[in-house]
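A note on names: the letters A, B, ... follow the listed sequences, proteins ahead of strands, and every chain is numbered from 1.
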Number of protein chains: 2
Amino acid sequence: MPTIYEVAAAAGVSPATVSRVFNGANVSPEKAEAVRKAAKALAFTPSRTARTLRLQSSEVIALVIPDIENPFFTALARGVEDVARAAGYSVVLCNTDEDHEKELVYLDIALSATMAGVIIAAAGGNSDLSGLLARKCPVVAVDRSPHGVDVDAVIVDNRAGGRAATHALVEQGFQRIACITGPSDVETATQRADGWRDAVTTGRPAEADDRYLRYADFRVDGGAAAMSELLALPEPPDAVFVANNLMSVGALRVLSEQGKLPPATGVAVFGDLPFLPLVPIPITVVHMPARHLGITAAKLLLERIKGDDQPARTIVLRNQVSPVG
Amino acid sequence: MPTIYEVAAAAGVSPATVSRVFNGANVSPEKAEAVRKAAKALAFTPSRTARTLRLQSSEVIALVIPDIENPFFTALARGVEDVARAAGYSVVLCNTDEDHEKELVYLDIALSATMAGVIIAAAGGNSDLSGLLARKCPVVAVDRSPHGVDVDAVIVDNRAGGRAATHALVEQGFQRIACITGPSDVETATQRADGWRDAVTTGRPAEADDRYLRYADFRVDGGAAAMSELLALPEPPDAVFVANNLMSVGALRVLSEQGKLPPATGVAVFGDLPFLPLVPIPITVVHMPARHLGITAAKLLLERIKGDDQPARTIVLRNQVSPVG
DNA sequence: CTTGACGGTGAAATCGATTTCTGACAGGGT
DNA sequence: ACCCTGTCAGAAATCGATTTCACCGTCAAG
């Protein structure tokens with residue numbers, strides 16, 4: 001690949017002038033034209049690597065997510081991407097698979113590649129953002145706010161959503177409402193379970209019955225396994241609040257196999273299933289503003305990149321609850 | 001962030017020695033130890049940018065896909081990622097949205113960031129890989145092989161799959177079998193339609209009835225729109241072959257709305273819907289080995305990166321046809 | 001007529017890691 | 001004693017773009 005020196009030689013100018021042509025500094029029209037012609041002839045593309053090294057920053061932002069196969073995160077990614085590319089930034093997606101090791105590797109890459117910023121949906125527990133923060137790399141947390149770190153965050157009110165979803169089941173008259181949530185070290189999982197606990201204990205003296213609470217893995221098979229366990233209880237639940245979209249697929253599959261699909265069993269889900277609503281099954285859904293989470297996070301990040309240094313903000317988006325089917 | 005010079009100063013050696021310590025060259029144990037201690041104390045991470053500039057290559061491969069919200073491509077991405085990271089490479093995902101402009105930008109980035117290689121599911125039509133090829137950047141096409149360019153490719157037999165799927169509908173006794181396929185400038189779309197044409201004309205003198213053929217956009221809404229059109233025909237089809245997973249969601253939604261879900265209407269789909277199989281709807285599915293497409297493409301690319309320069313290969317994976325529901 | 005400002009340009013420094021080149025020193029063979 | 005080989009380590013060149021600095025004209029103001 002041709003370098004700026006070759007272009008300079010071909011156009012009969014210095015490399016400095018070539019650089020100026022591409023960066024909009026003052027160059028005489030004739031030389032500018034000569035440079036442009038030479039650049040086109042050689043199919044010259046400036047090396048981003050050299051540029052990044054010199055400028056100590058690039059126009060790439062990293063989006064770190066725990067599960068690329070979850071439609072929620074891909075929708076979020078689309079939101080981030082749209083905003084970013086409108087502002088001239090590229091987005092690279094990094095899939096951590098809920099694995100701290102991988103997450104650390106990617107954050108390290110983001111740092112040592114001097115990316116412009118990072119948007120992260122942290123893998124379970126306390127992610128180590130100290131490296132980024134120490135180097136003043138702009139960071140925005142999305143969906144999950146890392147524990148004890150003071151960064152911008154864009155989230156939803158998980159507890160309220162869990163409560164609303166469960167409350168809908170209560171109102172439908174169900175008596176024994178179970179909860180299938182995510183890993184106990186993931187904030188969104190515990191908060192949604194807290195919402196469930198709120199709703200099932202409202203107006204009752206009793207405590208939430210933890211026999212009906214299951215921690216799974218936010219994935220299809222985990223949801224199925226948890227549902228099977230619940231149905232095998234001596235006194236199985238008559239309804240279930242599932243704390244994310246993928247697990248609900250597993251849970252519904254099990255219910256389907258056992259002939260207990262809604263309305264026989266009450267089901268409420270935190271999150272959308274874009275490919276689900278074919279057959280009318282009455283389910284309560286807490287819609288996630290996935291795309292908007294991404295859009296908002298990207299806007300925040302861009303502000304930080306531009307130099308905004310006000311104290312960290314947390315933005316809480318609403319999620320609507322609606323029956324489906 | 002600390003540089004190699006600071007580490008060198010702290011350890012009382014030259015930068016060259018620090019580099020040698022990290023790259024496994026001969027260094028006396030004492031100095032090596034001193035360097036390691038200094039590096040740890042300063043939390044030193046070598047700059048990938050500088051390293052890439054000097055070495056003229058990085059350990060990052062780009063995966064360029066047309067629709068990140070399609071589970072097929074995310075499954076493929078997982079396959080690529082697993083192989084890549086096992087070999088010490090990172091994967092960055094680039095979403096082109098079936099847009100040539102965006103695709104070009106990303107290919108340009110891959111080149112000017114001297115990435116190790118590119119795996120691409122080309123956006124419709126003839127993608128411009130000339131830049132990459134001219135610079136001898138390893139490229140593997142996956143799912144779709146760019147027209148008229150001689151690169152490694154990992155694909156499935158789209159025509160055979162379309163034929164098999166449609167044939168299943170014929171065998172089920174359907175008479176007027178429609179086809180909803182993708183954009184006419186996408187290879188996989190036309191090939192699958194060709195398969196449909198094969199099957200509906202087998203053993204009949206007549207030509208395929210193009211009234212029953214619709215070119216959509218490989219997305220949910222496009223599938224729905226096409227299905228609506230088909231059902232509005234004076235003599236509507238009694239079965240439909242849908243050429244990808246997302247469009248089938250739209251088509252099934254329309255069928256559901258009009259009370260014509262299978263088995264009333266015959267449906268065959270090219271591709272899997274991971275989140276679908278809840279309610280038993282009898283559908284014929286041509287399974288896509290998405291993950292394996294990714295795995296195979298990544299292996300091929302790694303070979304090329306290592307310097308393999310045998311003539312370009314095309315690997316055709318099988319896809320199984322099976323009834324579902 | 002002089003001075004200052006300013007637009008245009010090239011030479012050279014810079015970003016941070018790698019690597020060649022070179023020299024210093026130690027040990028073994030004749 | 002001498003030479004050769006081999007190990008270790010630093011100085012300096014290198015990758016390619018950006019940017020400061022210095023310089024040369026030209027033009028306008030004083």
Side-chain angles (χ1 to χ4, degrees), chain A residues 1-36 38-39 42-60 108-116 131 135-137, chain B residues 1-36 38-39 42-60 108-116 131 135-137:
Chain A
M1 42 202 160
T3 72
I4 202 172
Y5 297 95
E6 300 170 43
V7 175
V13 300
S14 76
T17 300
V18 178
S19 173
R20 285 192 262 257
V21 169
F22 281 89
N23 294 294
N26 280 332
V27 175
S28 72
E30 312 89 60
K31 302 221 173 191
E33 186 50 34
V35 167
R36 257 184 278 274
L42 295 171
F44 167 71
T45 311
S47 155
R48 276 167 214 264
T49 308
R51 180 165 213 277
T52 300
L53 177 60
R54 180 63 229 248
L55 297 184
Q56 294 291 305
S57 84
S58 64
E59 303 80 34
V60 177
D108 216 55
I109 290 182
L111 206 49
S112 70
T114 54
M115 292 193 182
R135 270 78 166 192
K136 307 218 171 303
C137 174
Chain B
M1 43 204 157
T3 72
I4 201 172
Y5 296 95
E6 300 171 42
V7 175
V13 302
S14 76
T17 300
V18 178
S19 173
R20 285 192 264 257
V21 170
F22 281 89
N23 294 295
N26 280 334
V27 175
S28 72
E30 312 90 60
K31 302 221 173 192
E33 186 50 35
V35 167
R36 257 185 278 274
L42 294 171
F44 167 71
T45 310
S47 155
R48 275 167 215 262
T49 308
R51 180 166 212 276
T52 300
L53 177 60
R54 177 65 228 248
L55 297 183
Q56 294 291 305
S57 83
S58 64
E59 304 80 35
V60 176
D108 215 57
I109 291 181
L111 206 47
S112 70
T114 55
M115 293 193 181
R135 269 77 166 196
K136 306 220 171 304
C137 174

(message) So if I take every side-chain heavy atom of Leu53(B) and compare against dT18(D), dC15(D), dG10(C), which nucleotide ends up nearest?
(response) dC15(D)
(message) Within the 4.0 Å heavy-atom criterion, would you say Ser19(B) contacts the bases, only the backbone, or no part of the nucleic acid?
(response) base
(request) Output the single nucleotide from dG16(C), dT18(D), dA17(C) whose closest atom is nearest the side chain of Gln56(A). (result) dG16(C)
(request) Using heavy atoms to find the nearest nucleotide of DNA chain D for Thr49(A) and Pro15(B) separately, return the residue whose nucleotide is more 5′. (result) Pro15(B)
(request) Would you indicate, yes or no, if dG10(D) has its OP1 or OP2 atom less than 4.0 angstrom from a side-chain nitrogen or oxygen of Ser14(B)? (result) yes
(message) What is the separation between atom CD1 on Ile4(A) and atom C1' on dA11(C), rounded to the nearest whole Å?
(response) 14 Å
(message) Rounding to an integer number of Å, can you tell me how far Arg48(B) CZ sits from dG16(D) C1'?
(response) 20 Å
(request) Report the nucleotide, chosen from dT19(C), dA9(D), dA17(D), that has the shortest atom-to-atom distance to any side-chain atom of Leu55(B). (result) dT19(C)
(message) What is the separation between atom CG on Asn23(A) and atom C1' on dG8(C), rounded to the nearest whole Å?
(response) 16 Å
(request) In whole angstrom, give the distance that lies between atom CZ of Arg51(B) and atom C1' of dG16(D). (result) 18 Å
(message) Heavy atoms only, 4.0 Å cut-off, all strands: where does Ser28(A) land among base, sugar-phosphate and nothing?
(response) sugar-phosphate
(message) Counting only side-chain heavy atoms from C-beta out, which of dG10(D), dT18(C), dG10(C) sits nearest to Thr17(B)?
(response) dG10(D)
(request) Under 4.0 Å between any heavy atoms, over every strand shown, what does Val18(B) touch: base, sugar-phosphate, or nothing? Just pick one. (result) nothing
(message) I'd like to know if the side chain of Ser58(A) reaches the main chain of Thr114(A), judged simply by a donor and an acceptor atom lying under 3.5 Å from each other, with no hydrogens or angles considered.
(response) yes
(message) Using whole Å, what does the distance between atom P of nucleotide dG7(C) and atom CG of Asn26(A) come to?
(response) 6 Å
(message) Please compare Ala16(A) and Met1(A) by the position of their nearest nucleotide in DNA chain D and report the one closer to 5'.
(response) Met1(A)
(request) Would you give the length of the straight line joining atom OG1 of Thr49(A) to atom CZ of Arg48(B), rounded to the nearest 0.5 angstrom? (result) 13.0 Å
(message) For a quick check of understanding: with a heavy-atom distance under 4.0 Å over all strands, which category does Phe22(B) fall into, base, sugar-phosphate or nothing?
(response) nothing
(request) Please round to the nearest 0.5 Å and tell me the distance separating atom CG of Leu111(A) and atom SG of Cys137(A). (result) 6.0 Å
(request) Supply the atom-to-atom distance Thr3(A) OG1 to Glu6(A) CD, rounded to the nearest 0.5 angstrom. (result) 4.0 Å
(message) Would you compute the distance between atom CG of Leu53(B) and atom CZ of Arg51(B) and round it to the nearest 0.5 angstrom?
(response) 12.5 Å
(request) Would you mind telling me which of dA11(D), dA17(D), dA17(C) lies closest to the side-chain atoms of Phe44(B)? (result) dA17(C)
(message) For dT14(C), does the base pair up with any side-chain atom of Arg54(A) as donor and acceptor (N or O, under 3.5 Å, distance only)?
(response) yes
(request) Whole angstrom is fine here: how far is it from CD in Glu59(A) over to P in dA17(D)? (result) 14 Å
(request) Answer with base, sugar-phosphate or nothing: what part of the nucleic acid does Arg20(A) contact at a heavy-atom distance below 4.0 Å? (result) base
